[in-house]
Visitor: 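Got a structure for you, questions after.
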Amino acid sequence: MAAVQRLLRASASGGAAAAARRRMSTALAPEQTPAAGAFPFAAAAERARRRMAEERNVQWVFLGCPGVGKGTYASRLSRLLGVPHIATGDLVRDELASSGPLSVQLAEIVNQGKLVSDEIIINLLSKRLKKGEEQGESGFILDGFPRTVKQAEILDGVTDIDMVVNLKLREDVLVEKCLGRRICGQCGKNFNLACIDVKGENGLPPIYMAPLLPPNNCMSKLITRADDTEEVVRNRLRIYNDMSQPVEGFYRQQGKLLEFDLPGGIPESWPKLLHVLNLEDQEEMKLATA
Ligand SMILES: Nc1ncnc2c1ncn2[C@@H]1O[C@H](COP(=O)(O)OP(=O)(O)O)[C@@H](O)[C@H]1O
């Protein structure tokens with residue numbers, strides 16, 4: 001219960017969703033504004049993004065099975081809207097890498113593909129939200145949280161989620177995508193070596209996803225996540241179906257769930273996702289018309 005109280009304090013000091021909204025609508029964190037001082041147009045674009053984030057008060061959740069691309073699309077949207085992308089999987093991996101007191105316990109759980117306890121995950125998320133609050137962050141896109149109905153209920157008690165995007169992809173593709181995932185050990189960027197090319201069958205459409213290959217200087221530094229082995233991925237998918245799928249029902253009942261079937265890789269899926277979210281990517285439009 002102590003962890004829940006910490007989340008309550010960190011997410012909505014005063015308890016009410018309105019207080020959380022007021023706090024979330026202050027300035028952005030410094031890391032969200034890297035180019036703002038460098039060029040006048042970058043500063044103007046940054047101001048426009050801030051206004052958009054403040055007006056829309058983005059408090060979104062991304063749901064979806066392991067490997068579906070929650071991180072990819074949530075981080076693109078977070079850059080577009082100027083709100084932080086908070087992935088609880090990243091918080092867990094940071095904790096693991098820190099070799100702190102929790103890391104041995106966490107490694108055992110994560111490497112088997114199991115869920116970390118609600119108490120631990122809420123504690124990590126509370127600390128992340130508190131840090132963001134101190135830096136004046138506005139809004140958020142949550143990825144990987146909530147993963148149980150209990151977590152969804154706790155989140156509901158402290159803040160007003162306005163939309164939940166549920167990304168969907170067929171299971172055989174999910175496994176291949178997880179097995180193809182790589183991270184550059186130096187720059188931390190994510191890549192995918194899998195080339196998905198599945199024929200349409202049994203009423204399912206064909207699907208093509210080009211690999212997301214690293215540049216030459218990352219190639220020799222690629223790392224595979226310890227929990228991306230076939231056995232662990234299949235276990236994570238089973239756990240997702242048991243523990244996390246009910247979260248979809250929780251938000252469907254509230255009328256907040258936006259279902260999105262990924263039609264292919266980033267070039268097909270990103271414009272369609274923007275379209276259903278009623279957003280435009282000015283940078284991509286500039287590139288397309290250049
Ligand atoms: N909300 C959460 N509740 C419990 N465990 C979590 C949560 N978020 C992340 N984890 C732990 O971190 C691991 C990695 O999470 P993540 O990177 O989101 O993986 P995935 O690729 O399965 O979506 C999970 O398998 C789980 O052990």
Side-chain angles (χ1 to χ4, degrees), residues 3-4 6-7 10-11 60-75 78 85-98 100 102-129 140-156 158-159 161 164-169 171 173-183 188-192 194 212 223-248 250-251 262:
V4 175
R6 276 198 294 279
L7 179 62
S11 306
W60 293 354
V61 165
F62 264 67
L63 296 182
C65 287
V68 75
K70 296 183 297 289
T72 302
Y73 295 102
S75 68
S78 93
H85 164 214
I86 303 179
T88 43
D90 289 344
L91 302 181
V92 168
R93 281 183 287 280
D94 288 348
E95 188 66 32
L96 278 172
S98 75
L102 271 182
S103 60
V104 176
Q105 194 189 341
L106 283 179
E108 205 174 312
I109 300 169
V110 174
N111 292 343
Q112 293 178 55
K114 293 182 181 161
L115 290 186
V116 170
S117 73
D118 289 341
E119 188 182 0
I120 292 179
I121 209 79
I122 284 166
N123 196 356
L124 292 175
L125 182 59
S126 301
K127 282 194 207 146
R128 170 62 187 82
L129 288 172
F140 52 77
I141 299 180
L142 287 180
D143 153 8
F145 188 94
R147 245 179 169 97
T148 62
V149 170
K150 176 86 187 293
Q151 291 177 9
E153 285 168 353
I154 291 169
L155 189 64
D156 231 28
V158 296
T159 193
I161 296 300
V164 180
V165 181
N166 188 26
L167 296 183
K168 294 195 295 193
L169 199 54
E171 186 160 326
V173 174
L174 290 171
V175 175
E176 265 195 77
K177 281 194 68 207
C178 282
L179 298 182
R181 285 203 287 215
R182 299 289 183 278
I183 305 166
K189 285 203 179 121
N190 291 293
F191 303 101
N192 205 308
L212 191 58
I223 298 171
T224 305
R225 268 168 57 172
D227 57 346
D228 273 345
T229 63
E230 180 157 359
E231 193 193 342
V232 178
V233 168
R234 292 204 184 275
N235 198 28
R236 277 155 59 206
L237 285 169
R238 258 194 308 275
I239 290 174
Y240 185 89
N241 291 335
D242 291 349
M243 309 290 290
S244 307
Q245 224 164 30
V247 177
E248 296 172 15
F250 178 90
Y251 287 119
L262 286 154

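By convention here, the first residue in the shown sequence is residue 1. Atoms within each ligand, like the ligands themselves, are counted from 1 in listed order.
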Visitor: Quick one: does any side-chain atom of Q112 pair with a main-chain N or O of E108 as donor and acceptor, under 3.5 Å?
Guide: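 Yes, because the side chain of Q112 sits within donor-acceptor range (under 3.5 Å) of the backbone of E108.
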Visitor: Checking a contact table here: which protein heavy atom is nearest atom 8 (N) of ligand 1, and how many Å away?
Guide: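 So the nearest neighbour among protein heavy atoms is T88 OG1, 2.9 Å.
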Visitor: Can you list the atoms of ligand 1 that are under 4.0 Å from a heavy atom of R181?
Guide: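 Matching atoms, with element in brackets: 21 (O).
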Visitor: In this structure, does ligand 1 have an atom that sits under 4.0 Å from one of the heavy atoms of I109?
Guide: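 I109: no contact with ligand 1 (<4.0 Å).
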Visitor: Decide whether the shortest distance between a heavy atom of K177 and an atom of ligand 1 is less than 4.0 Å.
Guide: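 No, K177 has no heavy atoms under 4.0 Å from ligand 1.
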Visitor: Please determine if R147 and D118 form a salt bridge, counting it only when a charged side-chain N lies under 4.0 Å from a carboxylate O.
Guide: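 No, no charged N to carboxylate O under 4.0 Å.
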Visitor: Could you tell me the residue and atom name of the protein heavy atom closest to atom 23 (O) of ligand 1, and the distance to it rounded to 0.1 Å?
Guide: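 Its nearest protein heavy-atom neighbour is K70 NZ, 3.0 Å.
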Visitor: Would a distance-only check, ignoring hydrogens and angles, find a side-chain to backbone donor-acceptor pair under 3.5 Å from K177 to G67?
Guide: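 Here the side-chain-to-backbone pair exists.
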Visitor: So which protein heavy atom does atom 11 (C) of ligand 1 come closest to, and at what separation?
Guide: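 Closest protein heavy atom to atom 11 (C) of ligand 1: V116 CG2, 3.9 Å.
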Visitor: To the nearest 0.5 Å, tell me how far I121 CD1 sits from F145 CZ.
Guide: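 The CZ atom of F145 is 7.5 Å from CD1 of I121, to the nearest 0.5 Å.
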Visitor: Once rounded to the nearest 0.5 Å, what's the spacing between atom CZ of R238 and atom SG of C65?
Guide: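 With rounding to 0.5 Å, CZ (R238) is 13.0 Å from SG (C65).
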Visitor: Which heavy atom of the protein is the closest neighbour of atom 7 (C) of ligand 1, given with residue, atom name and distance?
Guide: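 Looking only at protein heavy atoms, the one closest to atom 7 (C) of ligand 1 is I121 CD1, 3.5 Å.
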Visitor: Backbone or side chain, does any N or O of D227 fall under 3.5 Å from an N or O of ligand 1?
Guide: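 In fact, backbone or side chain, D227 has no N or O that close.
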Visitor: Could you tell me whether some N/O pair between R147 and ligand 1 is separated by less than 3.5 angstrom?
Guide: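 Min N/O separation from ligand 1 is below 3.5 Å for R147.
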Visitor: Once you restrict to heavy atoms under 4.0 Å, what part of Q112 touches ligand 1? Side chain, backbone, both or neither.
Guide: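 Neither; nothing of Q112 gets under 4.0 Å from ligand 1.
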Visitor: Roughly how far apart are L167 CG and L174 CG, rounded to 0.5 Å?
Guide: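 If we round to the nearest 0.5 Å, L167:CG and L174:CG are 10.5 Å apart.
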Visitor: Report the nearest protein non-hydrogen atom to atom 1 (N) of ligand 1: residue, atom name, distance rounded to 0.1 Å.
Guide: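 Nearest protein contact, heavy atoms only, for atom 1 (N) of ligand 1 is G144 O, 2.8 Å.
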Visitor: May I ask you to identify the nearest protein heavy atom to atom 22 (O) of ligand 1, giving residue, atom name and distance to one decimal place in Å?
Guide: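 Protein heavy atom with the smallest distance to atom 22 (O) of ligand 1: R236 NH2, 2.9 Å.
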Visitor: Are the side chain of R236 and the backbone of D227 linked by a donor-acceptor contact shorter than 3.5 Å?
Guide: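 It does hold such a pair.
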Visitor: For atom 13 (C) of ligand 1, which protein heavy atom lies nearest, and how many Å away is it?
Guide: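 Ranking protein heavy atoms by distance from atom 13 (C) of ligand 1, first comes V110 CG1, 4.2 Å.
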Visitor: Is it the side chain, the backbone, both or neither of K150 that has a heavy atom closer than 4.0 Å to ligand 1?
Guide: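 For K150, no heavy atom sits under 4.0 Å from ligand 1.
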Visitor: Under 3.5 Å, side chain of N235 to main-chain N/O of E231, donor-acceptor pair present?
Guide: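 Looks like no, no N/O pair under 3.5 Å.
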Visitor: For G64, is there any backbone N or O sitting under 3.5 Å from a side-chain donor or acceptor partner on K70?
Guide: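 Checked: pair present.
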Visitor: With a 3.5 Å distance limit and no angle check, can you tell me whether T88 reaches the backbone of G144 through a side-chain donor-acceptor pair?
Guide: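 Checking the backbone N and O of G144 against the side chain of T88, a donor-acceptor pair under 3.5 Å is found.
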Visitor: Could you check atom 25 (O) of ligand 1 against the protein and tell me its nearest heavy-atom contact, residue, atom and distance included?
Guide: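 Nearest neighbour among protein heavy atoms for atom 25 (O) of ligand 1, to 0.1 Å: K114 O, 4.0 Å.
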